[in-house]
Amino acid sequence: MRRPIIAGNWKMNKTIEEAVSVAVGLKRKFYTFSEADIVICPPFTALSKVSDKIIDSSIMLGAQDVYSEEDGAFTGAISPNMLKDAGCRYVIVGHSEKRALFGETDEDVNKKLKIALKHGMVPIMCAGERIEERDNGMTFEILEKQITRGLKNIPRDEALRIIIAYEPVWAIGTGRTATPQQAQEAHKFIRELIERLYDKEVASKTRIQYGGSVKPENIANLMIQEDIDGALVGGASLDVNSFTEIVRNAVL
Ligand code: PEP
């Protein structure tokens with residue numbers, strides 16, 4: 001039985017004060033909560049302060065990105081040590097916005113996964129097709145390419161730590177969610193791909209989140225699908241009440 005995991009990606013939103021206020025609000029709701037893993041991913045500037053607030057609760061901290069080097073002359077980049085120092089255990093890698101707006105490649109994703117794993121972090125690796133790729137029947141091909149290249153030369157014991165987020169690009173921030181059937185079909189394909197790349201045990205243990213306009217109203221029908229183990233939530237994770245409802249409805 002895979003433990004559900006709901007993560008909130010706050011993207012480029014919230015000052016430190018605003019982020020702390022949401023984190024404190026969530027901590028009140030989920031001071032002790034054992035039915036799912038809950039992760040929040042504030043912007044870099046707020047990580048440390050948010051970490052101080054949630055440290056003794058069941059909410060865990062994640063970052064939205066990591067750079068693939070240990071340290072050095074990489075202006076604007078953040079290393080895994082810096083993230084861990086700020087209290088992060090999780091890190092999102094390969095989000096479609098990083099791929100589309102910042103030119104992140106599958107090779108970059110692979111390097112980032114490796115360094116995050118080396119530092120004992122839990123990566124959330126995103127993959128998903130664009131609308132024209134879905135319309136051209138290329139969804140599985142795109143998923144296979146992104147995931148196979150992303151996981152290249154990652155040993156099975158480390159792969160067991162990776163969470164995969166299926167995020168159809170056409171559903172992110174658009175209000176247009178994949179139907180539970182569309183999501184399940186993609187998740188099943190991903191699980192079978194993990195089995196081909198590793199083995200049955202890794203496939204059955206890997207948690208696969210769905211991401212793309214997840215809301216309190218649609219999470220339950222997604223979560224009842226066999227291969228959907230949680231959600232990566234953008235917009236609806238910015239508000240204490242909507243994220244709380246999503247987490248609660250996910251484990252109904
Ligand atoms: C995301 O950014 O990962 C995401 C799924 O965003 P939204 O929930 O807003 O579609």
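Remember, it's 1-based here, ligands and their atoms both numbered in the order they're listed.
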Starting from [atom], what is the nearest protein heavy atom, named by residue and atom, and what distance separates them?
atom                   : result
atom 3 (O) of ligand 1 : E167 OE2, 2.7 Å
atom 1 (C) of ligand 1 : H95 NE2, 3.2 Å
atom 4 (C) of ligand 1 : G234 N, 3.6 Å

Say whether [X] and [Y], considering side chains only, have a donor N or O and an acceptor N or O under 3.5 Å apart.
X    : Y    : answer
E129 : W170 : yes
N218 : T177 : yes
T244 : N241 : no

Inset, instruction - Would you sort out whether K114 and E158 count as a salt bridge (charged side-chain N to carboxylate O under 4.0 Å, His left out), showing the intermediate values? - result: CA-CA 9 Å; K114 284 177 178 162; E158 297 202 339; over 6 Å; no
Inset, instruction - For N9, counting its heavy atoms only, list the atoms of ligand 1 lying under 4.0 Å from any of them. - result: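 What qualifies from ligand 1 is 2 (O), 3 (O).
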Legend entry - Atoms of ligand 1 close to G235 [distance to a heavy atom under 4.0 angstrom, numbered from 1]: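 Atoms satisfying the 4.0 Å criterion: 7 (P), 8 (O), 9 (O).
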Inset, instruction - Could you tell me whether E107 and K112 have a side-chain N and a carboxylate O separated by less than 4.0 Å? - result: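 Salt bridge flag = no for K112 with E107.
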Legend entry - N-O pairing of D227 and K188 below 4.0 Å: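 Not counted as a salt bridge, because no side-chain N and carboxylate O are separated by less than 4.0 Å.
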Legend entry - Proximity to ligand 1 by part of I172, non-hydrogen separation under 4.0 Å: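 Both backbone and side chain of I172 come within 4.0 Å of ligand 1.
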Legend entry - Side chain, backbone, both or neither: the part of A171 lying under 4.0 Å from ligand 1 by heavy atom: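 The answer is the backbone.
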Inset, instruction - Measure the distances from the heavy atoms of G173 to every atom of ligand 1 and state whether one is below 4.0 angstrom. - result: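 Yes, G173 has a heavy atom closer than 4.0 Å to ligand 1.
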Side chain or backbone, does [X] bring an N or O within less than 3.5 Å of an N or O on ligand 1?
X    : value
S213 : yes
A236 : no
E97  : no
G212 : no

Legend entry - Rounded distance [0.5 Å steps], NZ in K11 versus CD1 in I172: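 The distance works out to 6.0 Å.
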Legend entry - Atom pair CE (M121) and CG (L113), whose distance is rounded to the nearest 0.5 Å: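 Here the interatomic distance stands at 12.0 Å.
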